[in-house]
Novice: 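Take this structure first; my questions come after.
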Amino acid sequence: MSVLRLIIWCLVRLPLLILILVLGLVMSSCTMLGLNYASLEVDNKPAPSPAIEAQALVNSSQERAALMEKFENTLYGPWPKGMPVTWGEAQIVSDNILNGKGVLKEMPVTVGEGAGARTFFLVVALPKGEGPFPVVISETFSSNCSVFPEYPVTSSDGSVCDGSDMDGIVGALVGRMFGEYIALAPLDQFMEAGIAYASFYGPDLVPDSREQGPVVMARLGGPTEPTGTLMAWAYGFSAAIDALTAETAIDPDAVSVMGHSRYGKSALIAGVWDRRIGAVVAHQSGFAGASLSRSHTGEGLQRMAKTYPHWLAPEVQPWLDYLDELPVDQHELLALLAPTPVLLGNGRRDVWSDPNSSFRAAMAASAVYEAMDLPGLPEAGMQQDFRPSAGIAWWLRSGGHSIVSEDVDTFVAFLQAHLSDSSRRGSAVQNQEKRVDSAQ
C-alpha cells in the first residue's frame, strides 16, 4: 500500500477510529478490558478485617443494626426509610411475547413526593401459565427502549419507544465489549424457566452523574434522602417490590434482585436493607460491592470513589487515604446479607473488579451462614464447580467485565434452586426468623 493510499484509507475511516478511541478511553474508567488474569491464590493473602463475630450477628438484632449503621455512616449514606413509593396500574404492552411464552406489562413507579419526585417505568415479563411466579428484578444500564427493543414500551421521556437506542456502530461496539445482555433483556431464558422478569433503567430514578445525582437525591422529598446513588438505586429495587405487590401473578415470597457492576453493588445493598428479597445476583460487583476495600488489586475503592464520588456518601472521602483503618469492609456486607442466598458472578479476566478479594470476602462471610445452620460458600477454591444451591454461590468464568449467555444460564439455575421449589414457604430470612423464634 502506497503512502498516499494509506493516508486516504485513514482519512476515510477517521470518524470510526476516533469513535473507537473515545469509547476505549471512556470504558477504561469503568472496567479493565481483559488484559490480565485474576489471581486464584487466596491462602497467601491477609484475612479480611475487621473480624466478623458470627454468633453476635446471628443472635443479636442490635449488633446487626449497629453494623448496618456503620455502613450508612461510612460508605453508603442513609437508607431512605419511609421514602414514599406510589405506582400506576400495569398496562399490557404485548400479550404474546416470544411466540406465546409470556406477557409483557409496564407500570410507572414514583419515588418521593412533591416537585422532586422521580418516576421510572417498571417493565414486567410474565410467563404464560398458572402463577404466582417467582420474579427477578434487574436494574439496567440501558434505557427500556434498548432492553426491550422489539416492544412499544415507554421511554425515559414518556414517549413510546421505536427501536433501540443501541442501534448502529456504538451499540455494536458496546455489545462486543460488554456482552449481548449488557442491554438486551434475556427474556427467553427466564420465560422458559418459569421466572418472571422485571427491570427498570437506574438513571431514570437517579442520574449517574456527579453533578445531577446529588441534586436529584436531595429533592426527592422523603423524610430521609439518600446521599449516595448506590443506596438510591438500591431503594429503587425496594420500590419495584412495592409495585409488584399489586400483581397477583407474582409470588411475594419469591422475589429476587439482580445487577451487574454498579447495579450489582446496589443489589447487595438492597438485599441487606430490604429483607423481603429472597435471593441476590451480584455479577462482577467490584469495589463497594463484594470486593474488599482494603485490596490493592484492580480498580480499588479509592479510585472508584474519586472517579464516581456520587456513588457513595460524602463521608467516605476522608477515609480514602486510610483504607486500612476503614471501620467496615465488604465481607461484613455479605455477612449482613445472611441468610439470603447470593450468587457472586465473576470473570477471570475482570481484574478491575478483583474476583480474588471478592472470594476472600465470601469465605469470611460464610461463617455467618454456617452459624445459622445453612450452607455458605463451598470449600473448593476459586475454580470450583458452580453449585447453584449454595448459600453463597460462586461463579467464575473466562472472559472479562460483561454479561453473556452463559452468565444468564447461571443466574437462572441459581434462582431456580432457591426460589422455584413449590414446597418452599417464605424467604430464607423468614425461615431463619421462624427457626430463631422456635428455639427461644
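Positions are given from 1 along the sequence. Please read all numbers here as calculations on a predicted model, not as lab measurements.
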Novice: Between L126 and I250, does a side-chain contact (heavy atoms from CB on, under 4.5 Å) hold up when you go through it step by step?
Specialist: CA-CA 8 Å; L126 297 167; I250 298 297; 3.6 Å; yes

Novice: Looking only at the side chains, is there a donor atom on one of S238 and D274 sitting less than 3.5 Å from an acceptor on the other?
Specialist: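 D274 and S238 do have a side-chain donor-acceptor pair below 3.5 Å.
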
Novice: Could you tell me whether a side-chain N or O of E192 sits under 3.5 Å from a main-chain N or O of Q189, the two making a donor and an acceptor?
Specialist: no

Novice: Quiz question: by atom type and distance under 3.5 Å, do the side chains of W395 and E406 form a donor-acceptor pair?
Specialist: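 Distance-only check fails for W395 and E406.
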
Novice: Begin from the C-alpha positions of R276 and D242 and carry the test salt bridge (charged side-chain N to carboxylate O under 4.0 Å, His left out) through to its verdict.
Specialist: CA-CA 10 Å; R276 295 173 297 176; D242 289 345; 2.7 Å; yes

Novice: Is the shortest distance from a Lys or Arg side-chain nitrogen in E247 or K105 to a carboxylate oxygen in the other one below 4.0 Å?
Specialist: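 Yes, this pair counts.
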
Novice: Looking at Y263 versus F141, is the centre-to-centre ring distance below 6.0 Å?
Specialist: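 Yes, the ring centres sit under 6.0 Å apart.
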
Novice: Look at the rings of H310 and Y308 and say which category their plane angle falls in: under 30° parallel, 30 to 60° tilted, over 60° perpendicular.
Specialist: perpendicular

Novice: Any side-chain donor-acceptor pair under 3.5 Å between E139 and S266?
Specialist: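 Not at all, the side chains of E139 and S266 share no donor-acceptor pair under 3.5 Å.
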
Novice: May I ask you to test the W319-L75 pair for a side-chain heavy-atom distance under 4.5 Å?
Specialist: no

Novice: Okay, side chain of R397, backbone of G400: is any donor-acceptor separation there less than 3.5 Å?
Specialist: yes

Novice: Looking only at non-hydrogen atoms, find the nearest pair between P134 and S420 and report the distance.
Specialist: CG-OG, 3.9 Å

Novice: Would you please say whether a donor-acceptor pair under 3.5 Å links the side chains of T110 and T119?
Specialist: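 Yes, T119 and T110 have a side-chain donor paired with an acceptor closer than 3.5 Å.
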
Novice: I would like to know whether L336 and R64 meet side-chain contact (heavy atoms from CB on, under 4.5 Å); could you show each step before the answer?
Specialist: CA-CA 7 Å; L336 286 169; R64 187 175 187 280; 3.5 Å; yes

Novice: Using modelled atom types and a 3.5 Å cut-off, is there a donor and acceptor pairing between side-chain atoms of R294 and backbone atoms of S49?
Specialist: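 At least one qualifying donor-acceptor pair exists.
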
Novice: What is the ring orientation for H283 with H260, classed by angle as parallel under 30°, tilted 30 to 60°, or perpendicular over 60°?
Specialist: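 Tilted, since the angle between the ring planes falls between 30° and 60°.
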
Novice: Between the main-chain N or O of S402 and the side-chain N or O of Q284, is there a donor-acceptor pair closer than 3.5 Å?
Specialist: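 Such a contact is found between Q284 side chain and S402 backbone.
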
Novice: Under the side-chain contact (heavy atoms from CB on, under 4.5 Å) criterion, do L104 and V153 qualify, and how do the steps go?
Specialist: CA-CA 9 Å; L104 195 68; V153 296; 4.1 Å; yes

